[in-house]
Structure formats: structure tokens, C-alpha cells
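Right, one structure below, let's go through it.
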Amino acid sequence: MAKDPQRRRVTLAAATVLALGLGLAAPGLAQAAPTAPQAPQTPPSPSGKPSESDLKKQLKQLQDEAEKLTEQYNKSRVDLGKAQKAERDATHRANALEAQAAPARAALGQVAANQYMSGGGPDMIFAGGGTDGGGLSDTAYLAQNRAGAVQRLQTLIDQANKAKSDAQAQTAKVKQAADQADAARTTTKGKIDQVQKLLDKLGVTRTKDPTSGYTVTVRGSALPQKMLRKALTKLGSPYVWAAAGPTTFDCSGLVIWAYAQVGKPGLPHYTGDLFQLGTKIDRGSLRQGDLVYFGGDLHHMGIYAGAGLYLQAPQTGDVVKVSRLSDRSDYAGANRIE
């Protein structure tokens, strides 16, 4: 026998009329995921040995591209945070509506159970004798109203679940875009490192100190390395107090002379003032061309030359030479002036 459509409505998942007043609108969709940036193509290798100017041009282009990719990556992380929040909000809405529906379903189920226990069975809910003029009992009339409320609330639940599903899909898309942006940025950083290594190889110079016998191998073309190369040309020059070249030097005089030769003139001829410039460097992070200082009052300084060596103009009666950093017990700090 075909089922009565009114009875089908009664046996649907139900909600109370009060639940209708607590319904929430489905959330809107998050913005479309950004298009993931593409990493730049590897710079073409020129025929023969690349020149320093070519490599510097490539390095500048890659650094500019890396900066753009970093900003796009930063934006994708912001977008991901927004998408994740939208997903949380949509999930909260869906869960709240489901929680509101649960008591109503239980109440309507109890109506059916009570009718069954009274011996009438589900069909008796629709027995005549009601006051609505439609042939429904009072119980059936109430159940029908509750069924209508359920349908309206179920529509809101379906909308909330759809919004939750859309938000989850959007989060996945934005997460993928963020990962792609990060991968492009990492690829570009790798290319920067490759070009920098080629530049460093072009800028390798070796100088042996005839006084100490130590050999200094300078790598790189940054300002501190260029300054160190200039200072190394003064190996064997006599120490003279307060002298700053071009033939005699004291410890800080050697530094300011060498910097002036590579386009940075006017540095103060005083260790205390020089120590306040640039960036402070931990001993474990020293690079060639960093300035190293000695004594609690910073009464002496030199230029770090790598491999535990440093260049100095030591004292009266001595000459500019390469020494071992470990020979000094009064190491006080270091900085980098670029």
C-alpha cells in the first residue's frame, strides 16, 4: 500500500518551532586561490667562462625575482589563514545547527513512540476528531507543524554543510598555491646560490705573508672581501702609531685606508668608533673582511682573513702581517661594515 505523504513528513528528522528562530545563514565562499608564481628560468650559460659583470647582472635579476616571489608567498600565507578561518566558521555553523536539530528529532520521535505504546500505531496519529477541519487529530496537527519546522531547519543544515564542504575545498586550493609559491621561491634561492658560487670562484685570490708564512685565500667580491684584498697588499709595511697609510699604519689606520681604497672613505680612525658601526658578528659566524677587536677597552683590532687567521698592524717595531686569532686571549668582539 502506498505510504501517506503526510505520514512521511511526520517521520522525517524533526525540529521544534523554536529551533527555527536559531537558524544561521550559510557562509559565503572564500576568495579564489591565487595563481602560484612560476620560478624564473635558469639563466643561460654564456659561451666560455662567464664574466663577473654577466654574473652580477644575473644575480641582480634573480634577487629581484626572489623578492617578488617572497611577497607572493607571504600573500598566499595570509590567504591561507583567511580560508582556514572560513572553514572553521562554516564547520561551527553546521555543528551548531545539527546540535539544535537533535533535541527536536528526539521530541518528535517520542511523539511517535508514545502513540505506538498507546496501541494506536503511526496511522492513528492521523485519525479524525481534530479541530483543524482537515481530518487530522490534535497530535497529528502538532506533528505536522513540527515536520514543517524540521524541513526548514534541514534546509539550513544542508546549506551549512555545503558551505563547510566548499570552505574545505577552498582551503586545499589555497594551501596548494602557498606550497607552489614556496617551491618557486626555494628554486630561485637555489639559483641565486649557484650564481653566487660562480662569482666567488671568479674572485679567488691567494696571498702569502713573507713574515709569518701564512697563506690567505680570499673568496668573494663583497665590500669586506675587497677591503681585505687591499689591506693584504700592505703586508710588510711598518707599524707607526696614528698612521693611516699609504706606507705606514697603526691597527685602525690599516682598516680605514683599505676601506677608502674600495669606495668607503671617511671611517673614524678609532677602534671604539669603528666598533659601533655595521653589524655585530658572533665569533662562530666570522667571514673574511670582518673586523675583530681585542681588549676590554678595544685597544687593538685587525681584519679577519678566514681559517682562524687575521691581518693586523701589531705594534711599534713590527710590520703588517697575518697572525692566528687563537694566539690572542683577549678577543672582545667583531663587526661587519658593508
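All values reported here derive from a predicted model rather than from experimental measurement. Position 1 is the first residue of the sequence, and the numbers go up from there.
In this structure a side-chain-to-backbone donor-acceptor pair under 3.5 Å is present from Gln288 to Arg219. The main-chain N or O of Val322 is found under 3.5 Å from a side-chain atom of Asp209 such that the two form a donor-acceptor pair. Formation of a donor-acceptor pair under 3.5 Å by the Asp290 side chain with backbone atoms of Arg287 is found in this model. With hydrogens and angles disregarded, a donor-acceptor distance shorter than 3.5 Å links the side chain of Thr271 to the backbone of Leu298. With Ser165 contributing its side chain and Lys162 its backbone, the two residues share no donor-acceptor pair below 3.5 Å. Between the side chain of Asn335 and the backbone N or O of Leu274, at least one donor-acceptor pair lies under 3.5 Å.
Heavy atoms of other residues, nucleotides or ligands lying less than 6.0 angstrom from OH of Tyr270 number 12 at most. Within a 6.0 Å sphere centred on CD of Gln63, heavy atoms belonging to other residues, nucleotides or ligands number more than 12. For Lys280, the NZ atom is densely surrounded, since the number of other residues' heavy atoms within 6.0 Å is greater than 12. A 6.0 Å sphere centred on CZ of Arg77 holds no more than 12 heavy atoms belonging to other residues, nucleotides or ligands.
Taking all atoms of both residues into account, the shortest heavy-atom contact from Ile303 to Ala231 is CD1-CB, 3.7 Å. Of all heavy-atom pairs spanning Glu338 and Pro224, the tightest one is CG-CG, 3.9 Å. The nearest pair of heavy atoms linking Val292 to Ala334 is CG1-CB, 4.2 Å. Heavy atoms only, all atoms of each residue included: Ala313 and Val320 are closest at CB-CG2, 4.0 Å. Nearest heavy atoms, Ile337 versus Lys264: CG2-CE, 3.4 Å. In terms of heavy atoms, Thr217 sits closest to Arg206 at OG1-CG, 3.4 Å.
By the rule that hydrophobic residues join a cluster once side-chain heavy atoms approach within less than 4.5 Å of another member, Leu223 and Ile281 end up as members of separate clusters. Placement of Leu291 and Leu228 within a single hydrophobic cluster is found when ILVMFWY residues are connected by side-chain heavy-atom separations under 4.5 Å, directly or transitively. Following chains of ILVMFWY side-chain contacts shorter than 4.5 Å, one can reach Val218 starting from Leu309, so the two form part of one hydrophobic cluster. Both Val255 and Tyr293 sit in one connected hydrophobic cluster of ILVMFWY residues. Membership requires side-chain heavy atoms under 4.5 Å apart, directly or through other members. When hydrophobic clusters are built by joining Ile, Leu, Val, Met, Phe, Trp and Tyr residues whose side-chain heavy atoms come closer than 4.5 Å, directly or via intermediates, Leu325 is not grouped with Leu254.
Taking CG of Asp318 as the reference point, atom OG of Ser237 lies at 12.0 Å (rounded to 0.5 Å). Note that the CD atom of Gln61 and the CD1 atom of Ile192 stand 11.5 Å from one another [nearest 0.5 Å]. Atom-to-atom distance recorded for Ser252:OG and Phe275:CZ is 14.5 Å, nearest 0.5 angstrom. The CG atom of Asp250 sits 3.5 Å away from the NE2 atom of His269 when rounded to the nearest 0.5 Å. Separating the CD1 atom in Ile256 from the CG atom in Asp273 is a distance of 11.0 Å, to the nearest 0.5 Å. Between atom CE of residue Met227 and atom CG of residue Leu232 there is a gap of 9.5 Å, rounded to the nearest 0.5 Å.
At a threshold of 4.5 Å between non-hydrogen side-chain atoms, the residues Asp166 and Gln170 do not count as touching. A heavy-atom distance below 4.5 Å is found between the side chains of Leu69 and Gln72. The closest side-chain heavy-atom distance from Thr211 to Val319 is below 4.5 Å.
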**Report entry** side chain to side chain donor-acceptor pair (under 3.5 Å) between Glu87 and Thr171, intermediate numbers included
**Finding:** CA-CA 7 Å; Glu87 180 182 344; Thr171 298; 3.0 Å; yes
Query raised in the report: After noting the C-alpha distance and the side-chain angles of Val216 and Leu311, does the key distance pass the side chain to side chain contact (heavy atoms under 4.5 Å, CB included) rule?
Result: CA-CA 9 Å; Val216 174; Leu311 180 67; over 6 Å; no
Requested in this report: Report the C-alpha separation of Glu65 and Lys191 in whole Å, then their side-chain angles, then the decisive distance to 0.1 Å, and conclude whether the side chain to side chain contact (heavy atoms under 4.5 Å, CB included) test is met.
Outcome: CA-CA 11 Å; Glu65 186 65 24; Lys191 293 175 182 178; over 6 Å; no
Requested in this report: Decide yes or no on side chain to side chain contact (heavy atoms under 4.5 Å, CB included) for Thr70 and Asn74, but give the supporting numbers first.
Outcome: CA-CA 6 Å; Thr70 296; Asn74 291 340; 3.9 Å; yes
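Taking the charged nitrogens against the carboxylate oxygens, Lys57 and Asp54 have no contact shorter than 4.0 Å, which rules out a salt bridge. The residues Asp89 and Arg93 are annotated as not salt-bridged, no charged nitrogen and carboxylate oxygen being separated by less than 4.0 angstrom.
A donor-acceptor contact under 3.5 angstrom links the side chains of Ser323 and Gln312, judged on distance only.
At least one cation-pi condition fails for Lys230 and Tyr259: the charged atom is not both under 6.0 angstrom from the six-membered ring centre and inside a 45 degree cone around its axis.
Between Phe249 and the choices Trp241, Trp257, Tyr239, the ring-ring contact (aromatic ring centres under 6.0 Å, His included) rule is met once, by Trp257.
The six-membered or imidazole ring of Phe294 lies near that of Tyr310, with a centre-to-centre distance under 6.0 Å.
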